[in-house]
Amino acid sequence: RLPDLEHELRAAFDLTDVRVASRGVESSVKVEAQVGEQAAQLLLERARDSMTIALSWGRALESMVHAATADREVAVTLVQLVGGLPSATNHVSPAELVRELAVRLGASYRLLHTPAALGSLVAVRGLMSDLLISHALDDARGADMAFVGIGTPDQGSSGALVESLQLSTAEERSFWDAQPVGDIALRYFDGHGSPVRGAVDDRIVAVSLEELRRIPNVVGVAYGTAKTAGV
């Protein structure tokens, strides 16, 4: 870890916890594994019995889940912040991450049985009226802690999801004109941290950025220079 840099970041942004993985040039451990290890340690240090902990998705969170090992059962409940991802994104789904982490910690879990993105706002509203879906999202909104990846709108799975929505020319232009720099749980935001509204946001099944802010402790987990603008 890099304690001096951690202290600077904590003071500059009024953060609760900061973990910066140290990557020496001689290290044979991949950077994602180092970041995942730091996130897993933080999770185990902060988890308390009866907590609800919510997860989004992404390779950084996948590394965290793979690094998580506990010498006792952790009596928390794990939930999803966002629905399932289309196969085109080539990522481990939120449901798989929640289930795998629950197995590793001996925790309980509840899944959000819905796709992350639908074809229209009408479809999203119809799905939200289902009690099982609305209750699962309520579980996420009421979480005590959340671990989230930070996506890059024009790269990787975040970019693939935007493409999968088959936006009209006008919708696509409007989305990019808003200058999104990142996403959390497929909720895209600009360089000021403001939500990017419109056709993409209307079709996502996930907690909103406003709801995410109300969770007492939200941990962003990221690595790589492509994540700079979003972070």
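Take Arg104 and apply the salt bridge (charged side-chain N to carboxylate O under 4.0 Å, His left out) test, not counting sequence neighbours, and it matches Glu100. For Ser93, the side-chain contact (heavy atoms from CB on, under 4.5 Å) test picks out Ala95, Glu96, with sequence neighbours left out. In this structure, the side chain to side chain donor-acceptor pair (under 3.5 Å) partners of Glu37, at least two apart in sequence or on a different chain, are Gln41. Legend: residues meeting salt bridge (charged side-chain N to carboxylate O under 4.0 Å, His left out) with Glu8, ordered by chain and number and at least two apart, are absent. Every residue was checked against the side chain to side chain donor-acceptor pair (under 3.5 Å) condition with Asp154, not counting sequence neighbours, and none meets it. Every salt bridge (charged side-chain N to carboxylate O under 4.0 Å, His left out) that Arg46 has, sequence neighbours left out, goes to Asp17.
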Could you go through residues 196-206 and list every donor-acceptor pair under 3.5 Å that involves a side-chain atom there, pairing it with any protein atom two or more places apart or in another chain?
unit_1	atom_1	unit_2	atom_2	d
Arg197	NH2	Glu210	OE2	2.6
Asp201	OD1	Arg187	NH1	2.9
Arg203	NH1	Leu165	O	3.1
Arg203	NH2	Glu171	OE1	3.1
Arg203	NH2	Glu171	OE2	3.2

Scan the side chains in residues 128-138 for donor-acceptor partners under 3.5 Å anywhere in the protein, sequence neighbours excluded, and list what turns up.
unit_1	atom_1	unit_2	atom_2	d
Ser129	OG	Gly126	O	2.5
Asp130	OD1	Leu132	N	2.9
Asp130	OD1	Ile133	N	3.2
Ser134	OG	Asp130	O	3.2
Ser134	OG	Leu131	O	3.1
His135	ND1	Leu131	O	3.4
Asp138	OD1	Arg141	NH1	2.7

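Each salt bridge (Lys or Arg N to Asp or Glu O under 4.0 Å) pair with one or both residues in residues 108-125, not counting sequence neighbours, appears once here: Arg110-Asp139. Contacts classified as ring-ring contact (aromatic ring centres under 6.0 Å, His included) and involving residues 202-231 (residues at least two apart or in different chains) are not found. Residue pairs meeting the ring-ring contact (aromatic ring centres under 6.0 Å, His included) criterion with at least one partner in residues 140-175, sequence neighbours excluded, are Phe175-Tyr188.
Applying the 4.5 Å side-chain rule to ILVMFWY residues, one finds Leu5, Leu9, Phe13, Leu15, Val18, Val20 in the same cluster as Leu2.
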